[in-house]
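These numbers were taken from a predicted model, which means no experiment stands behind them. A, B, ... follow the sequence lines: proteins, then strands. Residue 1 opens every chain.
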Amino acid sequence: MARSHHCAELNLKHIGSSISLSGWVDTVRDLGGILFVDLRDRRGITQVKFDPNLDKAIAEKASHLKQESVISVQGKVTKRPEGTENSNLPTGQVEIEATNLEILNISDTPPFPLDDAGGDKVNEDLRLTYRYLDLRRPKMRRNLLARHKATKSIRDYFDSQEFIEVETPALFKSTPEGAREYLVPSRIHPGSFYALSQSPQQFKQILMVAGVERYFQIARCFRDEDLRADRQMEFTQVDVEASFVEREDIYNLFEGMLKKLWKDVLNQDIQTPFLRLPFVDAMNRFGVDKPDMRFGLELVDLTETFKASSFKVFQGVATTGGSIKAFNAKGLADLTQGELKALEDIAKSLGAKGLAFIKVEGGEWKSPIVKFFSDAEKAEITRTLALQEGDMVFFAAASWDKACAILGRIRLEAAALLQKRGKLTIRHEDWKFLWVVDFPLMTLDEEAKRFVATHHPFTSPVPEDAGLLDSAPHKVRGQHYDVVLNGMELGGGSIRIHNPELQKKVFEDVLKIPADVVENRFGYMLKAFTYGAPPHGGIAFGLDRMVALLCGTTSIRDVIAFPKTQKGQDLMAGSPTPVTEKQLKDLHITTVIPT
RNA sequence: GGGGUGGUAGCUCAGCUGGUUAGAGCGAUACACUGUCACUGUAUAGGUCGCGGGUUCGAGUCCCGUCCAUCCCGCCA
């Protein structure tokens, strides 16, 4: 038998037993005569003793071991001598007196340290090149385990709610309305392509028409967009859809899932129901549609205050439909020139002309713009922002959405600066869940000068707004909801349109997609809806982001076994690669490499 | 497509205003060491300073280009 026990279970109860262990050499401590090996498997570490007084040949053999070699050891569990116990190890009361050693594979010296602290500092490209070594690190092993627990918890939950998991195709047809897609050439149909599914959205709605009623899937999705710390080209969605539901049903269902998930993975109790925050309030108070509510620094609106101001920059914006927003970065008056410059650059990158501010220092307002303010304006600023010594106020004057976006970002940066100074504490495990609701159904695409669906074109309007679809599409609220945690969008969904006429109207009259294109792309769906489509709705959320949060990491690469780099490469296997002429010929493809 | 940061020994980093033979810690190798647990001690080896070009008497250092990684903007219905 290769092993009778694993490396985390032996203790005083096993003393005297003959056992066998297999695993990797974590460390070798050769004291000249006696020699200790920390033997590691996926469960933990056990100390093995090689004593030349007991067996000279085995001790000699062990002295040639290198770290990360794979060995199998037979021996007897013994109590460690008084004073040599290791309280840091669960197995630290005992050790194995080796009676036999089998060297299964000697390892080359690893190219980087495999402990948590050392490995964390290593360049990520090196970790990705040797991912099999990186994954041996305790932290990465924990992350893989947490992901497994999360998916198991989710499957158990939906099963208990009588949802069934249905697989849908990865090879779908191209629908260029959404994210850029990965195309797959058809060998059998020259010149035609599949698209890798960017989400199972259309199939899950069809499953509702099919009478499945309660569907979920842990589904792989593909999007050919630029990568980020929280975005990979292929990622995993927990995709859910149910018939005969309203928004409240989805909120309850999903809150239940998250409650169980947090309990199963972290053994923590989270509070439900979550706060419901309308989109407009989220923007006005936090400047984003995914607010981090673990800290304040909320935005205020000063548009009215500055409508008659002698400060022309603000007055001009305030009287021409724009907004003047501000917030108090409490205690940040000691911000350095460099930090201020960095904030200005961020503001400008978001379309601000500059970043107006007031520093309250030594009882005075230090600011390049304050000389333009009247006493009444100053009083109003002091009152609404609760200004005190040591505070720092930032302003944005622009269109409403731009002003919100600028300060929303500056608010996050200011919070980071305050945290660095120890003036603000933001705890990772302070779980502030919320639903953001009442999104506008349509958003005006400035470039294309037409409306685009905020969420997707299948989202149902809020019933009382449906009459505005023709006259004022941007005023129509959608039955769309996002679940947000600590500044991260975990997922979103909506109650869908189940009426084929309404769906057709949204495609053709509101989104202005030509009728023949609608028929070509979505005709099958509209047709399906004519055969008794039940009212339905659902939600999808990013499993990778969720697991990253559970593991306390900001990069989803840390919770994906084999992620790709920002340029979409697999550094270990070396994809993508060119292919042979024959392969291309079979697929009726010719390539043109840009020079 | 754009902006920021980084690339010096196997790993993590230092290397000021250009100036002799580019350093440290960890790791590796060898030897010593019989109760260590990140063992310890002594010694040794290890470098195309990402790559290409330029300025200069002289470039790790300055300039231009380029590649890679990463963070962000655009993008992600």
Assign a letter to each nucleotide of nucleotides 72-77 of chain B from its 5' end: B, base within under 4.0 Å of a protein heavy atom; S, sugar-phosphate only; -, no contact. SBBBBB

Under 4.0 Å protein heavy-atom contacts per nucleotide of nucleotides 28-39 of chain B, with B for base, S for backbone only and - for none: SS---BBBBB-B

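Not counting sequence neighbours, the partners of S174(A) by the side-chain hydrogen bond (donor to acceptor under 3.5 Å, both in side chains) test are E181(A). Looking at residues two or more places apart in sequence or on another chain, you find a side-chain hydrogen bond (donor to acceptor under 3.5 Å, both in side chains) between R29(A) and T27(A), D38(A), Q47(A).
Contact annotation for R557(A): backbone-only contact, meaning every heavy-atom pair under 4.0 Å involves sugar-phosphate atoms and none involves a base.
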Is there any protein nitrogen or oxygen under 3.5 Å from a nitrogen or oxygen in nucleotides 10-14 of chain B, and what are the pairs?
from: G10(B); atom 1: O2'; to: P111(A); atom 2: O; distance (Å): 2.8
from: C11(B); atom 1: O4'; to: P111(A); atom 2: O; distance (Å): 3.4
from: U12(B); atom 1: OP1; to: N123(A); atom 2: N; distance (Å): 2.8

Check: protein-nucleotides 42-45 of chain B nitrogen or oxygen pairs below 3.5 Å:
none

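A donor-acceptor pair shorter than 3.5 Å can be found between the side chains of T168(A) and Q217(A).
If you take CD1 of I346(A) and P of U5(B), they are 13 Å apart, rounded to a whole angstrom. The CD atom of E344(A) sits 16 Å away from the C1' atom of G3(B) (whole-angstrom rounding).
The only option from H455(A), H456(A), H480(A) that meets the ring pair (Phe, Tyr, Trp, His ring centres under 6.0 Å) definition with F439(A) turns out to be H480(A).
U40(B) and A32(B) make up a base pair, with Watson-Crick or G-U wobble contacts both under 3.5 Å.
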